[in-house]
Amino acid sequence: MKELLDFEAFREGPEAEGLVRRVRELVDGPTALMEVCGTHTVAIGRAGIRSLVPEELRLLSGPGCPVCVTPLGEIDQTIEAARRPDVTVATFGDMMRVPGSESSLERERAAGADVRVVTSALDAVKLASEEPSREIVFIGVGFETTSPTVAAALLEAERRDVPNVSVFPFFKLVPPALEFLVGVPDRALDGFLCPGHVSSIIGSNAYEPVAREAGIPCVVTGFEPLDILAGIVMLLEQVRDVRSGGAARVETQYSRAVRPEGNPTARSLLDETFDTADAEWRGIGAIPASGYVLSQDLMHRDAAAKLGIERPEPAEPEGCICGAIMLGRKLPGDCPLFGTDCTPRDPVGPCMVSSEGSCAAHFRYEHRRST
């Protein structure tokens, strides 16, 4: 598969050519498919898939980037924690440059705050064991893919009786977001490319309500360019069937990693550690039952409650349309700030901040190609 990451080699691949030909056969009018995964967004841009499909087929990027959907108020909470003299903030590297209302973790570290980049939540537990006089706060962002590892780390802290580690549980859940998206007025969505790694945890059955009740085809697909093209073909075949009066369904292209029931061990960890709750998605607003809070037994590990940090109500950057982009109403190029006032080097909105954001992917791969 390595050669497929090269754009020219990918275009010349006979299997890819066959899939692209099939896509062109199936698109018989305006059609909009949305990927709800930042890794898919990057792969589509890097492989140049938009340039290979008919113009009538719109590939939209939904709210699948974990950094993008983390509200500004939550970023401000982490910055407030970093300013506490007896607190160490432990975070994945992609949160460092995300701007809050007036600062970022990167700036706070430069100013002397103790902010450390870690590669797992277990690293935070290790830090807490080694430095018992400090409160170690881990920033929990992401979807069902990352939340089980944080759950395991918190349970390990309980088992080892490490009291000085806590977490900001900012996790989001994908299926409620899909159900919300299909209910957005004036939406124009014909199908979802569902995330492979999230689905490996929750299982493909989790999307049944979207397909059955909302009538939107769903295909779980992997991350190689051929995976994505094959998933698009499967979605277009379903769209054709639905337009002919058939029923939408859930299919799995990524069957080498995804089972209908998901990963029972990971799901059990999530059930033991978290309760579902309404959650705020940046640029979109509140979505019912789309987030996690710590269970009652683990509430003493909630960083905001432990440190007494309220969530402020910050104002979003003026002119930013990231919310409309994540809802599929606009494309990155529609934003007046795109590529001028807002770039990956100097981002304004969340979709340009993260490397998995739709604006950053468009800027890095497709905008440069067209200029």
Just so I know, are the side chains of Asn205 and Val250 near enough to count as touching, which here means a heavy-atom distance under 4.5 Å?
no
Are the charged groups of Glu25 and Arg22 less than 4.0 angstrom apart, N to O?
yes
Using the test ring-ring contact (aromatic ring centres under 6.0 Å, His included), find all partners of Phe274 that sit at least two apart in sequence or belong to another chain.
Phe171, Tyr292
Kindly indicate whether the side chain of Val165, heavy atoms from C-beta on, has any atom under 4.5 Å from the side chain of Arg301.
yes
Presence of salt bridge, Arg256 and Glu224, under 4.0 angstrom:
no
May I ask you to decide whether Glu130 forms a salt bridge with Arg116, counting only side-chain N to carboxylate O separations under 4.0 Å?
no
Are the side chains of Ser358 and Cys351 in touch, meaning some heavy atoms are under 4.5 Å apart?
yes
If only atom types and distance count, is the side chain of Asp341 paired as donor or acceptor with the main-chain N or O of Leu337 below 3.5 Å?
no
What pairs of donor and acceptor atoms, side-chain ones from residues 146-157 against any protein atom, are under 3.5 angstrom apart with sequence neighbours left out?
residue : atom : partner : partner atom : Å
Thr146  : OG1  : Val141  : O            : 3.2
Thr146  : OG1  : Phe143  : O            : 3.4
Ser147  : OG   : Phe143  : O            : 3.2
Thr149  : OG1  : Thr146  : O            : 2.6
Glu156  : OE1  : Arg159  : NE           : 3.1
Glu156  : OE2  : Arg159  : NH2          : 2.8

Over all atoms of both residues, closest heavy-atom pair of Leu307 and Glu135
CD2-CG, 4.3 Å
Hey, does Pro350 have a side-chain heavy atom less than 4.5 Å from the side chain of Val67?
no
Carboxylate-amine/guanidinium contact Arg243 Asp190, below 4.0 Å:
yes
